[in-house]
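Just so it is clear, the model here is predicted, and its values are computed rather than measured. In what follows, every heavy atom counts, from backbone to side chain, and hydrogens, waters and symmetry copies are set aside.
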Amino acid sequence: MNPQAIHEHNSAPLSAPTRALHWILALAMIGLTAVGLYMAEFEAWALYPIHKSIGLLVLPLALARAAWRLKEGWPPAASPATALEQTLAKAVHGLLLLCTLAMPISGMTFSGASGHGFGIFGLTLMHHNEDPQRPGQVLPLHEGLSQLAQSVHSALGYLLIALLLLHVAGALKHHLLDRDATLLRMLGRSER
């Protein structure tokens, strides 16, 4: 391919499935992370069933996005980048993808192992493990696994926030400083 053809290819809008999976998953993960922080800070127990339900619905989307990324590969850079920029971009994108998979899995593991069960908007997938000695309380199925999953889920939440900030900073750098098509093609538009 000649340089002009490569430039036109690298500045063309990304495919509709790529854009849809990116934005739906991004908005869901940002919302879930914000609600998770709020729940932890203010012990907003009423939000847990909603958080769990949406988190469980995110998992198939994250799996679809990972499968799509494996099938399609990573999009080519919209403009030349240094080796450090390329490495950082691949690391951030890869870790973001892993976080979107690990967050719902660790949350589901935490909730299940702690005895609280989980489901999707009233459809029970795993029942509470009621404590027969203390009505309204649950018995953990595996205390150690529950604590590990809770720690992983919490740590991943903070890692996700850091990665999102890096990702947004990178997109803004491309758009405002490099003035390339990186952000535009994720919005479904061509170069300015």
Closest non-hydrogen atom pair between [X] and [Y], with its separation:
| X | Y | answer |
| --- | --- | --- |
| Ala62 | Leu25 | CA-CD2, 3.8 Å |
| Leu101 | Leu59 | O-CD1, 4.0 Å |
| Pro75 | Leu14 | CB-CD2, 3.8 Å |
| Ser106 | Ala149 | O-CB, 3.6 Å |
| Asn129 | Pro140 | ND2-O, 4.2 Å |

Output yes when a side-chain donor or acceptor of [X] lies under 3.5 Å from a complementary backbone atom of [Y], and no otherwise.
| X | Y | answer |
| --- | --- | --- |
| Gln86 | Ala81 | yes |
| Thr87 | Ala83 | yes |
| Trp23 | Met186 | yes |
| His93 | Ala89 | yes |
| His153 | Gly107 | yes |
| Ser111 | Met108 | no |
| Ser15 | Thr18 | yes |

Would you say [Y] ends up clustered with [X] if hydrophobic residues are merged whenever their side chains have heavy atoms under 4.5 Å apart, either directly or through other cluster members?
| X | Y | value |
| --- | --- | --- |
| Trp68 | Leu70 | no |
| Tyr158 | Leu163 | no |
| Leu97 | Met103 | no |

Tell me, do Leu160 and Met29 make a side-chain contact under 4.5 Å, heavy atoms counted?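 Answer yes - side chains close enough.
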Matching residue for Asp180 among His175, Arg185, His174 - test: side chain to side chain donor-acceptor pair (under 3.5 Å):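 Only one option passes, and that is His174.
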Counterpart residues, salt bridge (Lys or Arg N to Asp or Glu O under 4.0 Å), relative to Lys90 (two or more places apart):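 With neighbours one apart ignored, the set is empty.
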Looking at Tyr38, I'd like to know if its OH atom is crowded, meaning that more than 12 non-hydrogen atoms belonging to other residues, nucleotides or ligands lie closer than 6.0 Å.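 For Tyr38, atom OH is not crowded (no more than 12 foreign heavy atoms under 6.0 Å).
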Sort out for me which residue in Leu156, Thr33, Leu166 forms a side chain to side chain contact (heavy atoms under 4.5 Å, CB included) with Ile161.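 Among Leu156, Thr33, Leu166, the one meeting side chain to side chain contact (heavy atoms under 4.5 Å, CB included) with Ile161 is Thr33.
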